[in-house]
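The structure appears right after this line, and notes come after that.
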Amino acid sequence: DARVTQTPRHKVTEMGQEVTMRCQPILGHNTVFWYRQTMMQGLELLAYFRNRAPLDDSGMPKDRFSAEMPDATLATLKIQPSEPRDSAVYFCASGWGQYNEQFFGPGTRLTVL
Amino acid sequence: AQTVTQSQPEMSVQEAETVTLSCTYDTSENNYYLFWYKQPPSRQMILVIRQEAYKQQNATENRFSVNFQKAAKSFSLKISDSQLGDTAMYFCAFMKPGSQGNLIFGKGTKLSVKP
């Protein structure tokens with residue numbers, strides 16, 4: 001049963017600390033997306049990659065967020081330094097091609113104190 | 001820029017009854033894709049149904065069907081024979097061809113199915 005995996009599922013940290021979230025896309029998928037979900041803003045696209053190349057990260061605060069795909073089986077989203085306003089659920093999704101279904105991971109719930 | 005509006009923050013329905021969730025969108029594009037995603041309390045986002053704008057026939061998936069009104073820019077989801085497991089947040093989403101798969105989501109509708 002192929003699925004997107006994300007680690008950790010929950011993360012509590014203090015303001016100023018570095019946070020790294022990891023995602024393993026479904027094998028064979030060539031597109032990876034990072035979303036952030038909050039009560040106020042809903043679901044927002046932060047960044048996405050195709051064939052490991054970043055296509056768009058305009059939704060991401062550049063000064064503190066960074067996203068990478070070191071290889072086809074791993075995508076990372078890093079926040080440094082973290083702030084309380086970064087508290088949210090972060091989802092990774094993967095898909096194949098431009099118009100096909102995006103499969104979502106279970107999300108990482110981040111709390112920054 | 002495209003926007004997606006879900007005007008019903010919360011809805012409830014009795015088990016076995018039918019419920020319709022509303023979604024409207026704003027775009028100047030002629031070709032695009034529309035989706036309904038379900039997010040149960042587990043947080044997992046699950047695709048319920050998709051519709052290509054160039055297809056006039058409304059999409060159906062078992063108990064789920066859509067009413068796609070292109071001229072009105074409306075894309076409602078009908079759930080027939082509601083089940084307790086349908087309790088979830090439902091998100092309407094829009095995708096423009098050439099956007100590299102960028103989904104634009106509505107704010108969601110919280111559906112509660114009551115026994």
Side-chain angles (χ1 to χ4, degrees), chain A residues 1-6 8-11 21 23 25-26 29-60 88-111, chain B residues 1-10 21 23-27 29-55 59 61 64 66 88-110:
Chain A
D1 183 23
R3 60 182 65 190
V4 177
T5 58
Q6 289 186 248
R9 292 292 308 275
H10 304 271
K11 176 72 175 178
M21 292 169 270
C23 167
I26 293 173
H29 284 186
N30 67 344
T31 310
V32 174
F33 304 83
W34 282 106
Y35 292 90
R36 176 170 62 184
Q37 185 178 33
T38 62
M39 289 294 293
M40 293 298 294
Q41 300 298 325
L43 273 157
E44 304 173 282
L45 179 68
L46 295 176
Y48 55 98
F49 296 77
R50 175 154 296 128
N51 297 321
R52 296 177 55 201
L55 291 186
D56 189 350
D57 60 1
S58 59
M60 211 161 62
V89 179
Y90 292 81
F91 286 100
C92 173
S94 73
W96 190 90
Q98 296 185 33
Y99 311 126
N100 294 319
E101 175 184 355
Q102 293 183 25
F103 293 80
F104 282 75
T108 295
R109 180 179 292 278
L110 174 65
T111 303
Chain B
Q2 287 77 23
T3 59
V4 177
T5 302
Q6 294 179 248
S7 58
Q8 307 149 314
E10 291 192 41
L21 309 183
C23 173
T24 58
Y25 56 93
D26 186 23
T27 183
E29 302 291 329
N30 186 52
N31 193 22
Y32 46 86
Y33 299 80
L34 296 164
F35 304 82
W36 278 99
Y37 277 86
K38 168 185 177 181
Q39 186 179 37
S42 67
R43 279 204 323 250
Q44 182 73 53
M45 293 284 286
I46 304 163
L47 179 67
V48 175
I49 202 165
R50 64 177 270 167
Q51 174 83 40
E52 290 87 351
Y54 62 85
K55 290 186 178 178
E61 284 289 339
F64 299 86
V66 299
M89 284 289 290
Y90 286 83
F91 293 93
C92 178
F94 172 99
M95 181 193 295
K96 182 179 75 170
S99 65
Q100 307 294 337
N102 185 357
L103 281 171
I104 299 169
F105 286 91
K107 295 290 189 190
T109 295
K110 184 177 181 180

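Below, each value reflects all heavy atoms present in this structure, side chains not excepted, and no hydrogens, waters or symmetry copies. Convention: sequence-line order gives letters A, B, ...; per-chain numbering from 1.
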Using non-hydrogen atoms and a 4.5 Å limit, figure out which bit of [X] sits close to chain B: side chain, backbone, both or neither.
X: A/Q37; answer: side chain
X: A/V4; answer: neither
X: A/Y35; answer: side chain

B/Y37 ring center near B/Y90 ring center (under 6.0 Å): no
Under 6.0 Å between ring centres: does that hold for B/F35 and B/F105? no
With chain A, which of B/I46, B/L47, B/I104 has the greatest number of heavy-atom pairs at distances under 4.5 Å? B/L47
Which portion of B/E52 sits near chain A, non-hydrogen atoms under 4.5 angstrom: neither
Is A/P106 close to A/R9 at the side-chain level, that is, under 4.5 Å between some pair of heavy atoms? yes
Side-chain ion pair, A/E44 and A/R36, N-O less than 4.0 Å: yes
Is a side-chain donor or acceptor of A/D56 paired with a backbone partner of A/S58 at a separation under 3.5 angstrom? yes
